[in-house]
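As structure tokens, the structure follows; a few thoughts come after it.
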Amino acid sequence: MSIYDTLNQEQREAVFHTEGPLLLLAGAGSGKTRALTHRIAYLIQEMGVNPWNILAITFTNKAAEEMRDRVDRLVGFGAEQIWVATFHSTCLRILRRHIDLLGYDNHFTIYDRDDQKTVIKDICKRFGIDNKQVKEQEFIHAISTAKDRLIGPVEYQMNVRYDFTRKKFGDVYQEYQEVMKKNNALDFDDLICKTVELFRSNPEVLLNYQERFHYISVDEYQDTNHAQFELVRLLAQRRRNLCVVGDDDQSIYKFRGADIRNILDFEKVYPEAKVIKLEQNYRSTPNVLDVANAVIRNNRGRKEKALWTRKEEGESVRFRQFDSAYDEADYIVGDIQERTGRGGCKYGDCAVLYRTNAQSRLFEERLVSEGIPYDVVGGVNFYSRKEIKDVLAYLKTIDNGQDDVAVKRIINIPKRGIGASTIAKVEDYAQMRDISFYDALREADNIMDIGKAITKIDAFVTLIQSFRSKVEFLNLGELIQDVLEKINFRDYLEDFDEDAQDRMENVEELKNKAAAFQEVHDDATLSLFLEEVALVSDIDQVEGVGSRVLLMTLHSAKGLEFSNVYMAGMEDDLFPSYQSLNAEDDSALEEERRLAYVGITRAKENLTLTCARSRRIHGEMQYHQVSRFVREIPDALLDSTEPVPKIRQVAWEDEGVERRAYDPRPKAKLPAKKPSAKPNKPFIAQGIEGLNRIAGVSKGMPYQAPVMPDYGVGDRVSHTKYGQGTVLALQKDVRDYKVTVHFDQAGQKIMFATFAKLKKC
DNA sequence: TTTTACTTCGTTTTT
DNA sequence: CGAAGTAAAA
């Protein structure tokens with residue numbers, strides 16, 4: 001009896017396939033972490049691979065920790081030698097050693113979103129850009145997107161040509177990189193793309209790591225962006241022992257740069273790749289899986305797979321519609337109360353999932369009034385809280401004065417009466433002498449007409465220097481305590497904030513974390529602590545065994561599971577979001593659908609979908625109809641008090657509802673491509689037929705369904721002016737179809753179907 | 001320099 | 001509606 005006997009056929013295949021590229025398509029709850037950890041154990045135990053030759057990359061610290069724990073339990077010894085880390089901490093480790101080759105100081109700091117914003121704001125001021133017209137956020141986003149695609153400022157500038165707006169973005173991007181370098185700082189995206197840059201420009205360094213990592217695995221591969229793809233490609237290039245695990249159906253992070261093509265095109269990049277699908281689900285009941293499959297099958301361009309399980313049927317998935325969002329919250333909280341009251345489950349088994357953070361409020365109110373313990377996941381990250389960042393900025397300044405953003409943050413915390421004009425003078429001086437802001441403060445007496453502000457500046461510098469002299473003999477907790485006392489932080493908080501108590505508790509918590517850090521790492525330094533802190537997130541802190549109801553967004557729920565899941569706000573325009581419903585193409589809608597799929601597959605036993613006919617959004621009342629995702633579920637699969645208007649379930653009816661997810665051997669080995677659409681008829685047409693049907697059902701909706709043209713993609717058509725051409729694309733727009741035609745004479749045109757008056761020929 | 005009244009603007013988020 | 005940020009007033 002070996003540890004591999006407990007795996008199913010596909011998992012075992014994945015474990016034993018150690019040489020060459022491997023794509024593991026792992027459906028929700030299909031035991032992918034299990035397969036991955038066993039695979040690593042197999043490499044060490046059976047293949048005699050040295051643990052330090054293995055690299056396992058994840059996205060979150062939590063996933064990394066879990067992976068290490070589980071490998072530890074399987075292997076026993078040597079597991080601590082395996083390099084298990086997130087993308088970012090992997091790159092951080094590499095850059096700490098070699099970034100001097102790119103002209104940076106190896107002691108760089110990491111800037112988060114807030115710090116980035118401060119930098120951008122400053123640049124905009126200098127460039128005379130009004131942040132009301134172009135917000136900082138837009139610059140941050142543009143820069144981040146460029147970096148995700150490995151486009152540096154120079155290349156960006158080359159592509160802007162004469163586009164004035166984009167040129168402005170290019171200028172800001174360039175300046176931003178310069179400021180970052182001057183501040184000796186990297187942002188999160190830099191961590192990845194600077195590592196790629198390092199590898200590209202220093203083949204001997206790359207070779208060093210290629211020779212170190214003989215076997216590489218990447219988890220959540222569907223979430224990788226181009227830079228991460230390239231990083232992995234470079235590392236794996238030599239030995240090609242690359243195992244990527246992911247589920248294209250759970251790709252929900254396109255908006256932050258994830259490129260779904262990385263997983264869809266894996267076989268093109270690695271033609272010799274072996275592909276294994278994990279479809280047996282160990283988490284949910286067949287009822288839940290049927291619903292999940294019914295929804296996700298409406299996406300196209302996915303790797304076809306269908307989850308199944310051997311679990312007992314369980315309860316039906318419920319759907320309830322309410323008049324108001326209050327009633328909805330009432331019902332859900334009542335249901336939680338009832339289920340936990342019966343003793344069947346604990347509060348910690350229940351999770352309420354929603355699309356937007358704002359929806360948490362109503363649930364919080366009801367839970368408070370019922371006295372039910374709960375936690376809200378997400379919102380503001382612990383390390384992003386103002387009071388925490390203040391203390392961290394002090395620590396950063398004490399650690400090294402290079403970080404201008406940190407120094408400027410605390411120069412008036414607490415209020416020291418150093419005004420904007422004084423700061424501007426110091427800034428000018430620093431710029432002139434090409435030194436950091438803090439160094440300029442230290443020699444402030446050289447600055448002309450600084451006036452009596454000099455005493456205030458001196459006091460600040462003396463304070464920081466005194467902390468520096470204590471770093472040697474104080475431990476981290478004591479240092480923080482000393483800072484808090486010397487700056488009277490409590491008084492400062494109480495002066496302007498009524499939640500001073502909460503904030504002070506957070507700071508205490510930070511002190512505890514610092515002390516704990518020191519206990520775990522015997523070589524703990526201030527720098528190492530700041531580094532650790534820079535790369536942790538909120539979801540990392542969610543405990544597995546909870547006794548509290550969890551409230552979170554659908555995004556945060558990925559990777560988690562609960563016995564009772566409530567998906568609230570299942571309404572068109574909320575989920576799927578208004579933006580995705582009105583988008584040009586349906587890729588955004590498909591991403592929302594994947595999000596629905598993620599939500600549904602979080603449920604182990606009970607799933608309840610709810611929605612409200614009316615709710616207040618941005619202060620005004622809005623009326624929504626039932627989410628199309630609910631309407632995509634066949635009635636037979638839903639426990640509903642009234643029938644739900646249906647949408648596009650043709651494909652489902654064709655195969656019959658009797659093919660259930662619990663059937664271990666699906667009849668006819670799953671017809672891979674369902675013959676639902678008639679040949680030559682574009683996919684979009686199906687969606688529109690569905691839309692027409694909804695438009696018919698919903699009462700008094702002023703929705704004017706566009707009339708479907710009688711031609712489709714690939715058809716030959718003629719236009720009165722342009723002559724004959726071929727239809728390249730057909731897209732639904734607000735009240736008409738957009739047709740892209742390549743005319744034999746006139747070339748490619750995009751036009752509205754009603755105006756184009758195209759004739760099929 | 002700090003407080004106060006007013007405007008603006010609203011997905012999702014890890015690191 | 002409510003947070004966050006900004007311009008004007010004290």
Side-chain angles (χ1 to χ4, degrees), chain A residues 57-64 85-92 110-117 121 130-133 135-137 140-141 144 147-148 186-193 219-220 223-225 227-228 251-258 325 353-362 377-381 383-384 386 412 415-423 453 456 495-496 531-541 552-559 569 573-583 588 591-592 594-596 598-599 615-622:
Chain A
I57 303 181
T58 61
F59 266 86
T60 64
N61 296 298
K62 194 180 172 209
T86 63
F87 268 106
H88 295 265
S89 60
T90 299
C91 291
L92 179 64
I110 298 167
Y111 276 8
D112 68 7
R113 254 305 216 322
D114 271 12
D115 305 326
Q116 282 180 289
K117 194 174 165 188
K121 213 175 196 164
D130 183 5
N131 281 132
K132 262 182 238 151
Q133 277 164 34
K135 282 164 280 167
E136 299 94 326
Q137 202 53 50
I140 294 175
H141 187 252
S144 174
K147 287 179 179 175
D148 285 351
L186 297 188
D187 62 33
F188 291 124
D189 302 311
D190 283 333
L191 289 175
I192 313 290
C193 59
D219 198 7
E220 306 281 13
D223 291 339
T224 51
N225 60 33
Q228 289 160 335
S251 161
I252 53 174
Y253 285 116
K254 188 182 171 201
F255 69 91
R256 69 176 196 214
L353 311 182
Y354 36 76
R355 179 65 236 267
T356 66
N357 282 307
Q359 288 169 257
S360 72
R361 282 186 59 133
L362 288 177
V377 179
V380 193
N381 187 321
Y383 291 102
S384 310
K386 206 163 45 183
N412 272 315
K415 299 249 148 53
R416 293 191 177 84
I418 301 175
S421 58
T422 308
I423 289 174
K456 297 167 184 167
D495 276 348
F496 77 108
E531 194 159 287
E532 157 107 354
V533 147
L535 296 178
V536 296
S537 72
D538 242 27
I539 195 79
D540 294 336
Q541 334 267 334
M552 68 185 105
T553 62
L554 289 151
H555 282 92
S556 307
K558 196 172 91 167
D573 286 352
L574 183 62
F575 185 44
S577 72
Y578 175 82
Q579 291 89 332
S580 69
L581 280 171
N582 288 65
E591 176 138 322
E592 297 276 305
R594 290 193 289 272
L595 191 55
V598 167
R615 72 171 66 228
R616 219 180 191 94
I617 292 179
H618 307 328
E620 63 179 322
M621 215 37 127
Q622 291 194 9

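Values reported hereafter were calculated over all heavy atoms of this structure, with side chains retained and with hydrogens, waters and symmetry mates removed. Just so we're on the same page: letters track the sequence lines, and every chain starts at 1. Model, not experiment: these values are computed from the prediction.
A/Tyr354 contributes no side-chain N or O that, together with a main-chain N or O of A/Leu554, makes up a donor-acceptor pair within less than 3.5 Å. In this structure, the side chain of A/Asp223 does not engage the main chain of A/Tyr253 through any donor-acceptor pair within 3.5 Å. Under a 3.5 Å cut-off, the side chain of A/His555 and the backbone N or O of A/Ile252 do form a donor-acceptor pair. With A/Ser577 contributing its side chain and A/Asp573 its backbone, the two residues share no donor-acceptor pair below 3.5 Å. Not a single donor-acceptor pair under 3.5 Å links the side chain of A/Gln116 to the backbone N or O of A/Ile140.
Picking from B/dT12, B/dT14, C/dA3 the nucleotide with the shortest atom distance to the side chain of A/Thr553 gives B/dT12. In the set C/dG5, B/dG10, B/dT13, the nucleotide with an atom closest to the side chain of A/Lys117 is C/dG5. Between B/dT13, C/dG2, B/dG10, one nucleotide has an atom nearer to the side chain of A/Lys135 than all others, and that is B/dG10. Listed nucleotides: B/dT11, C/dC1, C/dG2. Nearest to the side chain of A/Gln579: B/dT11. Distances were taken from every side-chain heavy atom of A/Glu592 (C-beta onward) to each of B/dG10, B/dT11, B/dT13; the shortest belongs to B/dT11. Here the side chain of A/Lys121 is nearest to one of C/dG2, C/dT6, B/dT12, namely C/dT6.
Proximity of A/Arg256 to the phosphate of B/dT11: no side-chain N or O atom is located under 4.0 Å from OP1 or OP2. Phosphate proximity of B/dT12 to A/Ser556: absent, as no side-chain N or O sits under 4.0 Å from OP1 or OP2. For A/Asn357, no side-chain nitrogen or oxygen approaches OP1 or OP2 of B/dG10 to under 4.0 Å.
In this structure, A/Arg615 reaches neither bases nor backbone, as no heavy-atom distance under 4.0 Å exists between it and the strands shown.
Atom CZ in A/Arg616 sits roughly 21 Å away from atom P in B/dC9 (whole-Å rounding). At whole-Å resolution of the value, CG in A/Asn225 and P in B/dT13 are 18 Å apart. Between the CD1 atom of A/Ile110 and the P atom of B/dT14 there is a distance of 16 Å, rounded to whole Å. Taking atom CD of A/Glu220 as the reference point, atom C1' of B/dT13 lies 14 Å away to the nearest angstrom. One can place NE2 of A/His555 at 8 Å from C1' of B/dT11, the figure rounded to the nearest angstrom. Atom CG of A/Leu595 is separated from atom P of B/dT13 by 10 Å (rounded to the nearest Å). For the pair A/Asn412 CG and B/dT2 C1', the computed distance is 12 Å after rounding to whole Å. Separating the CZ atom of A/Phe255 from the P atom of B/dT14 is a distance of 8 Å, rounded to the nearest angstrom.
To the nearest 0.5 Å, atoms CG (A/Leu574) and CD (A/Gln622) are separated by 8.5 Å. Atom NZ of A/Lys117 sits about 5.0 Å away from atom CD of A/Glu136, to the nearest 0.5 Å.
Centre separation under 5.5 Å together with a plane angle under 30° does not hold for the ring of A/Tyr253 and the six-membered base ring of B/dT12, so they are not marked as stacked.
Taking all atoms of both residues into account, the shortest heavy-atom contact from A/Arg256 to A/Asp148 is O-OD2, 3.6 Å.
Taking a pair as Watson-Crick or G-U with both hydrogen-bonding distances under 3.5 Å, the stems of three or more pairs touching DNA chain B are B:1-10 with C:1-10.
For the P atoms, the distance linking B/dT13 with C/dA4 amounts to 16 Å, nearest Å. A distance of about 23 Å separates the C1' atoms of B/dT14 and C/dA3, rounded to the whole Å.
Between A/His618 and A/Phe188, the one whose closest nucleotide on DNA chain B sits nearer the 5' end is A/His618.
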